[in-house]
Structures are given as C-alpha cells and as structure tokens.
Amino acid sequence: MATERYNPRDAEPRWQKKWNEAKVFETDNADPREKYYVLEMFPYPSGRIHMGHVRNYAMGDVVARYKRARGYNVLHPMGWDAFGMPAENAAMERNVHPAAWTYQNIASMKSQLKAMGLSLDWSREFATCDVEYYQHQQHMFVDFLEKGLVYRKQSKVNWDPVDNTVLANEQVIDGRGWRSGALVEQRELTQWFFKITDFSQDLLDALDGLDQWPEKVRLMQKNWIGRSEGMTIRWEIVGETAPAGETEVTVYTTRPDTLFGASFLAISADHPLAKDAAAKNAEIDAFCEDVRRAGTSLAALETAEKRGIDTGIRVRHPLDPSWELPVYIANFVLMDYGTGAIFGCPAGDQRDLDFARKYGLPVIPVVMPRDGDVATFAVGDTAYDGDGVMINSRFLDGKSTDEAFNIVADRLSSASLGNAPQGERKVNFRLRDWGISRQRYWGCPIPVIHCQDCGVVPVPKKDLPVKLPEDVTFDQPGNPLDRHPTWRHVACPHCGKDARRETDTMDTFVDSSWYFTRFTAPWESKPTDFAAANRWLPVDQYIGGIEHAILHLLYSRFFTRAMRETGHVDVKEPFKGLFTQGMVVHETYSRGSGMSREWVAPADIKIEELDGKRRAFLLSNNEEIAIGSIEKMSKSKKNVVDPDDIIASYGADTARFFVLSDSPPERDVIWSEAGVEGAHRFTQRLWRLISEAAEALSDVTATPAKDGDALAISQLAHKTLKAVQNDYDKLWFNKAVARIYELVNAIAGPLTTVAAGKADAAYRAAVRDAAEILVQLVAPMTPHLAEECWSVLGQDTLLSQTAWPKYDDALVVENDVVLPVQINGKKRAELTISRDADQTTVSDAALALEDVKRVLNGQVPKKIIVVPQRIVNIVV
RNA sequence: GCGGGCGUGGCGAAACUGGUAGACGCAAGAGACUUAAAAUCUCUCGGCCUUUGGCUGUGCGGGUUCGAUCCCCGCCGCCCGCACCA
C-alpha cells in the first residue's frame with residue numbers, strides 16, 4: 001500500500017520531462033481537428049515572474065488542458081514582450097547592454113514558467129526584440145505606408161529637457177519627468193502616426209459583435225472612441241476685424257439647436273487665428289503661452305478656472321448677419337478635438353456659463369425643460385444641458401431640441417457662405433491617431449530614410465531588416481541611435497546621395513499588436529502564413545489584466561484590420577473571447593509611521609493569534625509589526641510572495657490550485673499562507689485517498705453503479721463531472737474547486753472502505769469510476785498530481801493525452817426530487833416525490849405531511865403553488 | 001462632473017439570475033488517535049429566544065409578488081474607468 005506523502009519536488013519535474021519527451025503540447029498546424037487558440041497576455045521580461053503571472057497562466061493552462069482533453073487541436077504559445085524602457089534604464093544604471101539584460105531575464109523567467117508545468121508549445125516561442133520578429137514588423141510598416149495607413153505630422157509631445165527624450169503622458173507626473181524631475185516642455189516634433197481613426201466607426205460598430213468580451217471593456221472602448229453626432233458651422237468674420245487673409249472661423253457643435261443662445265466664439269490657444277493674434281499682440285501672446293504651460297501641468301482640471309482673452313475679432317451669426325459676436329481665446333478649448341473652435345452657449349453648457357459670467361457676456365436661455373414655465377424659467381449658476389422645448393429662438397420656438405437640431409442642420413446645409421455650404425452634418429470621434437515614434441534605442445527601428453532631395457523614402461524591402469546596432473553607449477541622456485557614429489548615415493535608396501536614417505523606434509505597443517498572429521506560424525519567412533493565420537485566428541480565449549482594456553486591445557484590433565488591408569490576414573477581430581482576471585493581493589506589514597514607515601516582507605514575519613486577534617511578529621527578534629491593509633503585491637510595499645519560494649516548498653500544483661480557488665477569477669484573490677496550506681492539504685489528501693485505495697482498485701474496470709450501495713457515489717461523480725465541465729467552459733474555476741472538494745468529501749469514505757478490503761467487485765468498480773473521474777477533473781488545475789494518481793491507478797497512458805470522460809445521463813437525472821414545502825412563503829417541510837409527479841399528486845402529498853398539518857392546524861389553504869421540481873407554496 | 005460595477009457569517013465566497021440563503025474553503029472551538037507534537041479523523045460554527053421548536057437575517061427605507069440576495073423606486077458606503085471632447 002502506497003502511503004508516502006506526495007512529493008511535488010520529485011513528481012513535478014518527472015512529469016514535465018515526460019510531457020516534454022512525448023511533445024504533448026506541440027501543436028501541428030496540419031492537425032485536422034477543430035482548432036482552439038488559448039492565449040495569455042505575454043509577459044514583459046522583467047527578470048522574475050510574480051503571482052499575477054501565476055494566476056494568469058494557471059487560468060490559461062486550465063482552459064488549454066481542458067480543451068485539449070475535449071478533443072480540440074489546441075494552440076497555447078508563449079513569448080516575450082521584450083522591447084521597452086526598463087532595459088535601457090538597466091543599461092544606464094548598471095552598464096549592461098539592453099539585449100544582454102533582456103535575454104538573461106528571459107532565460108530565468110522561462111525556467112520559472114517551466115517549473116509551473118504549463119502546457120505550452122515552447123517550439124513557437126519568440127521575443128519581440130528578436131530580429132526574426134521585428135523585421136516582419138518593418139515589412140508591415142512599409143506596407144502600411146504604401147496603403148496610407150502611416151503618415152508623419154507635427155505633433156505636440158512631452159519633452160524632458162534633461163533626459164532629452166519624449167515622455168508618454170503616463171510618465172509625466174505633476175508636470176515633471178518621472179526620472180529626471182525636470183519640468184516637462186511641450187515641443188512640436190514631427191512624429192509617425194498610424195491612422196487608427198480610419199477605422200473609428202468600424203472599431204466602434206464591431207464592439208457589438210464581441211459578445212464574449214466583458215461588457216465593461218466594451219464600454220470603456222466605446223467611450224474611448226467617443227463618437228458624437230453634430231455639425232460644423234462656418235462663421236463669417238466681420239471684415240474690418242479680420243486678420244489678413246482670414247474670412248471665416250469653423251466651429252464644431254453637437255447642439256446646433258442652441259444656436260440662438262450663442263454669445264461668443266472661443267478658440268484654442270493653438271488655433272491659427274490665435275497664433276496670428278498672438279504675433280501682433282504681446283498680451284495675447286503671453287496669455288497663449290500661459291495656457292500652453294498650464295495644459296501640461298496636469299493640475300486638477302476640475303478646478304481649473306475658465307479664462308480667456310478677447311482677440312478683437314468679430315463674427316456674424318449664421319442665422320442673422322446683423323448679429324455680431326466676439327471671438328475669445330479660451331483655455332478650455334482643445335485644438336485636437338473638433339475644429340479647435342466652439343460657439344459658446346452659456347445657458348446650455350456649464351463651462352460656457354462660467355466663462356460668460358466671468359467676462360460679462362449675455363446668457364440667453366434657449367432650451368427649457370418640458371415641464372418648465374416660459375415666464376419664470378431662468379438660468380442661474382447652473383446651465384441646463386438637457387432636452388426640452390426651444391424658447392427665445394425665433395422660428396424654433398416651441399419645437400423640441402431634436403426637431404430644432406434638424407431644422408438648423410438642414411437650413412445651414414443649404415445656405416452658403418462663399419462657395420460652400422455654411423454648415424455640414426458631421427460625426428466626430430474622440431479617438432486620435434496613434435503616435436508611434438519614440439526617441440529610444442531599445443525598440444523596433446522605423447524603416448525609413450530621410451533624403452534632402454527625395455524626402456521620406458521607405459527602406460526597400462530587399463534592404464530589410466534595419467537591425468539595431470549593437471555598439472551603442474548609454475553614458476549620456478538621449479537616443480543612442482542619434483549619436484552612433486555611422487548607423488544613421490546611409491545612401492538614399494532613390495538617388496544614392498548621402499541621406500539620414502530615421503532614428504526613432506516604434507512604440508512597444510506595436511510589438512504586442514500582432515504577436516498573437518505571429519504565433520500561428522513563427523517560422524514563416526513572411527510576416528504571416530496567410531492560411532495558418534486565418535485558420536487559427538481569432539484567438540478563442542484571451543486572458544489578461546484589465547489594465548489593457550483600452551490601449552493594447554484597441555491597438556491590436558486596429559492592427560489586425562490594417563494587416564487585413566495589406567493582405568497579411570483575412571480576419572478583422574483578433575480576440576473572440578476575452579477574460580480579464582483580478583489581481584493577487586496581500587496584506588501589508590510595516591513598522592514606524594509617516595516618513596519613517598518601513599515595510600516588512602511577509603517572509604520575514606510570523607502570524608500568531610492571541611485572544612482571537614491576529615498579530616504579526618518579526619522572525620528575527622520577535623518585534624511586533626503592524627498588520628496593514630490588503631493591497632496589490634508590489635515591491636515598494638514589500639507585500640510580495642515569490643512564486644519560486646512557493647513552488648519550492650509546496651509545489652506548482654498547490655500554487656496553481658490556490659490561485660484558482662476561493663475568489664471568482666475576475667475578482668482579486670487574497671494570497672494568504674493559511675490559504676496556501678489549505679490548498680496543499682487538499683493535494684496531499686487526494687493523493688493519500690487514491691494511492692491507498694489503488695491496489696484494491698487494480699483488479700476492476702471502472703464501471704458506474706446502476707443500483708445498490710454505490711449508486712449514490714456514481715450519481716455524485718457523474719453529476720460533478722457535468723457541473724465542472726460547465727464551470728470550465730465558463731471559466732468559473734472557484735466553483736469547479738468547490739464541487740471537486742464536495743466530491744472528494746463524499747468518496748473519501750468509500751475509498752477508505754475499498755482500501756481496507758471491505759468492498760465487493762461491483763462497489764470497487766463504481767469507486768474506481770468515481771476516482772478516475774475525480775482525477776480527470778482536477779487534472780487541468782493540478783496536472784502533475786493528477787498524472788501521479790493516474791499512474792498509481794495502473795494507467796500506462798499520459799493523462800495529458802487522455803480524452804475527457806463522458807457523464808452518464810441516467811446517473812445525472814434524479815428520479816426523486818426533494819421539494820421544499822413553504823406555508824405563506826416560509827419553509828416548513830420537505831417532500832420527497834417522483835420527479836414527474838403531477839401537480840395534484842404533489843399538492844396532495846404536501847398537505848399530507850405531518851409538519852404541514854401541524855402548522856396549518858386545520859386552516860384551509862387558499863391557494864397551492866406548485867413549481868415543478870422546485871418548490872411547493874401553500875397560501876392560507 | 002459623466003459612465004460602470006459592487007455591498008451576503010469572523011474572512012474568501014455559493015445560491016442553477018424570482019423558488020430551501022450561507023454549498024465549498026479559511027479561521028476558530030470541542031473531541032478521538034498519540035508518551036507528546038505534527039498529520040489525520042469526528043462534531044459545532046449568522047444573530048436572538050422559552051432550543052425535538054420558534055423568531056429574525058443578504059448595506060438602509062419603501063414597492064411589486066404566493067414567494068425577492070436576484071426585479072422596480074429612493075437613500076448610504078466602497079471600488080474602477082474617462083475627464084474642459086463643445
């Protein structure tokens with residue numbers, strides 16, 4: 001009888017080796033079975049995996065293993081999102097080359113992932129910093145350029161004057177560079193952009209079809225794309241106030257219905273008319289400068305005061321040429337939305353109202369709520385921006401806001417100013433084109449050459465890849481590619497004259513926008529194997545953090561469309577199913593307070609319970625440590641648990657099982673030592689029960705019981721199988737865990753009975769059937785333990801290559817049901833009755849129950865509600 | 001400000017989205033085995049009461065219903081996203 005404890009340190013590497021040798025997880029593109037593509041967001045190679053990775057990959061692995069057992073041809077690859085700033089920071093701080101640092105990190109993280117026993121096809125692995133990968137990205141960039149999906153334009157960027165580099169918005173903290181602490185400047189630079197806005201409408205519309213995405217993510221994308229319906233209106237500038245060469249101002253509005261409530265026009269400080277005015281007037285120039293600076297300082301915009309300055313320009317109202325309005329430059333008007341100019345309707349917009357009150361401009365109420373009274377309706381400190389009835393609006397009076405919108409839109413569309421319509425209906429999007437230029441070394445070089453005569457010339461495809469030079473220095477700030485002695489000097493591919501290579505590299509979000517496509521044929525000499533990509537895509541189940549809800553997922557959706565337009569794939573949507581998992585969180589421990597607060601790692605303390613209160617003490621000297629709030633694991637708060645330590649002491653299966661238990665997968669899971677021990681106890685218990693009974697089960701074939709003592713065991717096993725199957729389909733791992741516990745609790749006794757030699761052959765066969773089902777149910781979560789159990793049961797095949805069991809319908813359906821019997825909605829009794837008993841039989845049987853008679857005490861039921869197979873409610 | 005989500009035992013949570021509230025796990029308590037400890041096993045575990053029974057209970061207040069954790073209305077409290085988008 002095998003009674004030794006299960007030893008994961010021995011078993012886990014042993015089974016990993018067997019899976020490896022049998023190439024169980026290598027996927028054949030030619031396999032004709034139905035495909036299933038599972039993918040977890042690939043990691044940045046920071047050096048160590050953390051618990052968040054463990055949870056993410058454990059979930060993906062359950063899906064992959066489950067689908068494989070269900071007979072699908074599963075693709076489950078892994079790679080590395082390997083370009084990016086941390087590698088350059090390491091180079092600056094520690095004088096290591098970014099490539100060396102990155103590949104070393106990949107090597108150590110890979111061995112950590114391997115220790116988790118994930119069913120990954122490592123033969124398809126790549127890193128985005130491999131030339132073999134990024135060269136294809138350069139090919140596609142050139143294709144996109146030809147298709148007009150890439151362009152250059154001047155754009156404002158956050159410029160760090162100390163580090164000499166562009167900063168992303170997230171890297172600007174309170175107006176200062178996150179590394180240098182220098183005041184960030186706004187600079188106009190010529191940058192490369194992807195034309196994501198070409199797809200605004202399609203990216204929005206297609207969200208409706210992504211019914212296997214979380215509603216929350218679809219909504220976030222919808223808001224980000226930000227579609228609004230309105231119109232552009234051209235306002236004629238009054239001749240004598242017009243700057244030279246200017247005759248009109250175009251504004252964008254979603255409320256043309258409120259046009260009679262206009263009292264001013266406001267333009268952005270970056271608007272051409274503003275620049276023009278600034279050139280002539282020092283006061284205006286100073287104001288514009290001020291606005292520009294304030295814009296970068298991320299000061300709470302909520303409280304930002306509305307400010308403006310009169311340009312002296314006057315415009316004519318489009319519906320009444322005799323009505324002249326002033327044009328202001330205002331700090332709340334954005335140049336890159338709409339046209340950079342608005343008309344202010346103070347009664348209908350809070351910002352306009354604040355502005356009008358400050359500068360003494362008229363406030364004319366034009367929309368009144370439906371239940372308002374024209375005689376008394378007035379606008380005080382709060383603008384009314386809702387729907388209603390038009391007032392003070394001449395020919396629009398009495399119309400609804402919708403009607404007024406259409407009347408004004410029609411009228412201005414058919415009126416003309418100069419040779420063009422005065423107004424046009426226009427749909428606007430909040431989404432902006434994607435700026436991909438980064439002044440950094442560790443990224444994919446943008447494959448173009450700048451020639452004085454020929455302009456911007458794409459690198460001819462025969463000259464690709466443009467490889468990053470290896471001999472670069474990081475001893476000074478700025479882009480090492482810019483100061484490399486030779487790399488940037490090339491001959492123009494057109495005219496052969498001396499030309500300059502582009503030294504900007506691509507945003508790393510580009511790398512992650514198509515890696516899932518590359519996995520479908522990573523060996524291909526073109527970016528994609530067209531047929532393979534179309535066959536595997538979309539990814540059936542994508543799993544990752546909610547933090548990528550907008551950027552990464554939206555960029556990938558765009559990139560897939562762009563690849564389709566350039567003939568690299570024939571799918572539009574990259575991810576059919578999306579799941580966003582919660583974080584792994586942990587208690588925090590600290591001593592001291594305020595500035596001298598010091599965080600303590602969980603590994604350095606022990607928890608004791610004194611008088612029912614949990615208290616923490618330092619292991620080294622028993623000093624008491626304060627237990628703080630539960631927070632995301634982070635290095636700064638030291639509340640991290642290293643997966644390596646957990647795998648070393650409990651094994652990978654325990655770690656996997658624990659992060660899948662308890663909390664629903666989309667919610668945060670609290671890591672606790674006690675919880676892990678609970679999970680570990682389960683693995684030991686399962687092993688003990690199975691291994692002790694194994695010998696007694698060796699002479700029977702698994703056969704579910706049809707009657708007798710073992711019937712209940714077979715029924716529960718098959719019901720659990722059906723339920724867990726559904727749980728796995730829906731990614732309800734915590735429910736699957738709970739049901740598996742229930743099954744183990746129920747068959748623990750029978751297994752012990754069998755082990756003691758006290759069961760007949762039929763009973764043993766039923767227990768064996770239940771045990772096999774149990775082992776197969778846990779296999780996706782704790783694959784090593786399951787293989788070990790499978791093997792001790794005398795199976796000589798790999799469980800990883802074994803088909804999912806089938807439940808027996810007859811065992812899943814109950815013949816008798818237990819119905820709760822309520823009297824006036826309160827449960828008073830239980831009734832066991834045949835599942836297909838008719839209503840009369842059920843109510844008669846319910847009324848005949850002793851408990852029911854006692855509570856009724858002679859009262860005559862007014863009504864008896866029988867919900868078949870659910871409940872009986874007697875109303876008196 | 002706008003949009004979305006969530007409030008269930010000491011804790012993480014379940015409840016087939018209108019039908020037995022608290023499955024399963026953690027923590028705690030009692031007991032068995034043991035020289036002892038660990039491990040393991042058994043039992044108890046929302047609150048209150050007059051305890052073979054009863055009342056009450058899913059953030060708070062109402063409503064619909066034979067019946068509400070679930071649906072509707074109004075509050076309270078947390079969390080997340082976007083944020084001067086015209």
Side-chain angles (χ1 to χ4, degrees), chain A residues 5 214-224 226-228 230 251-255 258 266 268 295 300-306 330-334 336-345 348-352 354-355 385 428-432 546-547 549-550 607 609 612-614 630 658 661-664 666-670 672-679 681-682 684-685 688 723 726 732 734-745 748-749 752 818-830 854 861-867 869-876:
Chain A
R5 279 174 69 80
E215 192 53 42
K216 180 186 167 83
V217 174
R218 298 195 312 189
L219 204 79
M220 280 164 73
Q221 292 216 349
K222 189 178 171 210
N223 293 337
W224 189 263
R227 183 183 197 271
S228 71
V251 305
Y252 177 71
T253 180
T254 55
R255 296 295 300 274
T258 65
S268 157
L301 293 166
E302 174 100 15
T303 57
E305 193 192 356
K306 305 288 172 280
N331 65 342
F332 63 92
V333 181
L334 309 172
D336 47 8
Y337 184 79
T339 60
I342 61 157
F343 79 78
C345 173
D349 184 288
Q350 193 58 47
R351 293 156 302 172
D352 296 349
D354 295 345
F355 192 82
D385 60 4
N428 225 328
F429 293 92
R430 211 193 75 114
L431 184 67
R432 318 271 164 78
I546 186 78
E547 67 273 19
I550 296 173
I607 302 279
E609 186 145 334
K613 233 190 128 203
R614 294 179 69 246
I630 294 169
F658 175 67
S661 316
D662 276 353
S663 288
E666 68 279 8
R667 243 180 266 180
D668 292 350
V669 66
I670 302 168
S672 72
E673 195 64 16
V676 181
E677 273 164 17
R681 266 201 298 279
F682 169 80
Q684 291 296 347
R685 184 170 181 226
R688 188 163 23 81
N726 181 51
W732 293 339
N734 57 320
K735 295 187 198 176
V737 167
R739 280 188 241 278
I740 286 169
Y741 268 113
E742 279 178 291
L743 181 58
V744 173
N745 290 343
T752 314
V818 178
L819 296 181
V821 179
Q822 294 183 335
I823 295 170
N824 287 340
K826 284 195 176 119
K827 186 196 163 192
R828 298 296 175 174
E830 278 184 354
R854 186 176 47 74
K862 248 192 271 178
K863 194 173 173 187
I864 301 178
I865 294 141
V866 177
V867 183
Q869 292 163 54
R870 277 281 160 81
I871 203 164
V872 180
N873 194 7
I874 301 166
V875 188
V876 292

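FYI, side chains are in, hydrogens and waters are out, and symmetry mates aren't considered; it's all heavy atoms of this structure. Order of the sequence lines fixes the chain letters, A, B, ..., with proteins taken first and strands second; residue numbering starts at 1 for each chain.
- Summary of the strand contacts: A:Val669 and A:Lys216 both lie near RNA chain B, and taking for each the nucleotide with the nearest heavy atom, the more 5' one is attributed to A:Val669.
- Between B:rC60 and B:rG7, the distance separating the two C1' atoms is 11 Å to the nearest Å.
- Residue A:Arg430 places at least one side-chain N or O under 4.0 Å from the OP1 or OP2 atom of B:rA83.
- Using a 4.0 Å heavy-atom distance criterion, A:Asn745 is classed as a sugar-phosphate-only contact.
- For B:rG57, there is no paired base (Watson-Crick or G-U wobble, both distances below 3.5 Å).
- Put simply, the side chain of A:Leu431 does not reach to within 4.5 Å of the side chain of A:Gln221, judged on heavy atoms.
- Nucleic acid contact class of A:Glu830 (heavy atoms, under 4.0 Å, all strands): base.
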(message) Checking A:Phe682 against A:Val737 for the side-chain contact (heavy atoms from CB on, under 4.5 Å) test, could you report, in this order, the C-alpha distance in whole Å, the side-chain angles of both residues, the deciding distance, and whether it holds?
(response) CA-CA 11 Å; A:Phe682 169 80; A:Val737 167; over 6 Å; no
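- Side-chain to base pairing of A:Arg432 with B:rC85: one donor and one acceptor N or O lie within less than 3.5 Å of each other.
- Among the atoms of the strands shown, base atoms are found under 4.0 Å from some heavy atom of A:Val333.
- For the C1' atoms, the distance from B:rC24 to B:rG4 is 30 Å, rounded to whole Å.
- Side chains of A:Val875 and A:Ile864 form no contact here, defined as non-hydrogen atoms less than 4.5 Å apart.
- Rounding to the nearest 0.5 angstrom, the gap separating the CZ atom in A:Arg227 from the CG atom in A:Asn428 is 10.0 Å.
- At whole-Å resolution of the value, CZ in A:Arg218 and P in B:rC80 are 23 Å apart.
- Proximity of a side-chain donor or acceptor of A:Asp349 to a complementary backbone N or O of A:Gly344 within less than 3.5 Å is not detected.
- Within 4.0 Å (heavy atoms only), A:Tyr741 reaches sugar-phosphate atoms of the nucleic acid but no base atom.
- The C1' atoms of B:rA28 and B:rC76 are separated by 32 Å, rounded to the nearest whole Å.
- For A:Arg828, taking side-chain heavy atoms from C-beta onward, the closest of the listed nucleotides B:rG81, B:rG54, B:rC84 is B:rG54.
- Taking the P atoms as reference points, B:rU20 lies 35 Å from B:rA30, given to the whole Å.
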(message) Applying side-chain contact (heavy atoms from CB on, under 4.5 Å) to A:Val744 and A:Arg685, what does each step give before you reach the verdict?
(response) CA-CA 9 Å; A:Val744 173; A:Arg685 184 170 181 226; 3.8 Å; yes
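- Within the shown strands, B:rG12 is the pairing partner of B:rC24 under the Watson-Crick or G-U definition, both distances less than 3.5 Å.
- Figure legend. B:rG29 is base-paired to B:rC43; pairs are counted as Watson-Crick or G-U wobble with both atom distances under 3.5 Å.
- Distances from the side chain of A:Met220 to the nucleotides B:rG81, B:rC24, B:rC84 place B:rG81 closest.
- Distances were taken from every side-chain heavy atom of A:Ala674 (C-beta onward) to each of B:rA27, B:rA86, B:rG12; the shortest belongs to B:rA27.
- At least one side-chain nitrogen or oxygen of A:Lys826 sits closer than 4.0 Å to the OP1 or OP2 atom of B:rU56.
- Taking atom CD1 of residue A:Ile607 and atom C1' of nucleotide B:rA27, one finds them 13 Å apart after rounding to whole Å.
- A close approach under 4.0 Å does not occur between any side-chain nitrogen or oxygen of A:Lys735 and OP1 or OP2 of B:rA13.
- Within 4.0 Å of A:Leu219, counting heavy atoms only, lie sugar-phosphate atoms of the nucleic acid but no base atom.
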(request) Classify every nucleotide of nucleotides 40-52 of chain B by which part a protein heavy atom approaches to under 4.0 Å, writing B for the base, S for the sugar-phosphate alone and - for neither, in 5'-to-3' order. (result) SS-----------
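- To the nearest 0.5 Å, the span separating CZ on A:Phe332 from CD on A:Glu305 amounts to 12.0 Å.
- With RNA chain B read from its 5' end, the first of the two nearest nucleotides for A:Glu742 and A:Ala679 is the one closest to A:Glu742.
- Taking 4.0 angstrom as the limit, A:Arg854 places none of its side-chain polar atoms (N or O) nearer than this to OP1 or OP2 of B:rG53.
- Between A:Ile871 and A:Gln822, the closest side-chain pair of non-hydrogen atoms falls below 4.5 Å.
- Anti is the conformation of B:rG25, whose glycosidic angle sits further than 90° from 0.
- Within 4.0 Å (heavy atoms only), A:Gly675 reaches no atom of the nucleic acid at all.
- A:Phe658 has its CZ atom 11 Å from the P atom of B:rC26, to the nearest Å.
- Under the Watson-Crick and G-U wobble criteria, each requiring two contacts below 3.5 Å, nucleotide B:rG7 is paired to B:rC76.
- A:Ser663 comes within contact range of the sugar-phosphate backbone alone, with a heavy-atom separation under 4.0 Å but no base atom that close.
- One interatomic measurement links the two molecules: OH of A:Tyr252 to P of B:rA86, which rounds to 7 Å at whole-angstrom precision.
- Residue contacts for A:Asn734: at a heavy-atom cut-off of 4.0 Å it reaches the sugar-phosphate backbone alone, with no base atom in range.
- With both ends at atom C1', the span from B:rU58 to B:rG53 equals 25 Å, rounded to whole Å.
- Separating the CZ atom in A:Phe343 from the OH atom in A:Tyr252 is a distance of 12.0 Å, to the nearest 0.5 Å.
- Contact check, A:Arg667 against B:rA13: a side-chain N or O comes under 4.0 Å of OP1 or OP2.
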Protein-nucleic acid N or O pairs under 3.5 Å, nucleotides 64-66 of chain B:
| residue | atom | partner | partner atom | Å |
| --- | --- | --- | --- | --- |
| B:rC66 | O2' | A:Asn873 | ND2 | 3.3 |
| B:rC66 | O2 | A:Asn873 | ND2 | 2.5 |

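- Remark: the backbone N or O of A:Asp385 is paired with a side-chain donor or acceptor of A:Arg255 at under 3.5 angstrom.
- If you measure from atom CZ of A:Arg739 to atom C1' of B:rA15, you get 10 Å, rounded to the nearest angstrom.
- Here A:Thr339 contributes atom OG1 and A:Asp336 contributes atom CG; the two are 11.5 Å apart, rounded to the nearest 0.5 Å.
- Between A:Arg218 and A:Glu215, at least one side-chain nitrogen of the basic residue sits less than 4.0 Å from a carboxylate oxygen of the acidic one, meeting the salt-bridge criterion.
- In this structure, a donor-acceptor pair under 3.5 Å is absent between the side chains of A:Tyr741 and A:Ser661.
- For the pair A:Ile740 CD1 and B:rC24 C1', the interatomic distance rounds to 11 Å; values are reported in whole Å.
- Rounded to whole angstrom, the span from the CD1 atom of A:Ile630 across to the C1' atom of B:rC78 amounts to 14 Å.
- Pairing partner, B:rC71: B:rG63, with both Watson-Crick or wobble hydrogen-bond distances short of 3.5 Å.
- Using C1' as the reference atom, B:rG9 and B:rU69 are 14 Å apart when rounded to the nearest Å.
- To the nearest angstrom, P of B:rC85 lies 11 Å from CG of A:Asp385.
- A:Asn734 has its side chain out of reach of A:Asp662: every pair of non-hydrogen atoms, C-beta onward, lies at least 4.5 Å apart.
- Checking B:rA83 for Watson-Crick or G-U wobble geometry (two distances, each under 3.5 Å) identifies no partner in any strand.
- Rounded to whole Å, the C1' atom of B:rC16 lies 31 Å from the corresponding atom of B:rG74.
- Going from the C1' atom of B:rG5 to that of B:rC49 covers 40 Å, rounded to whole Å.
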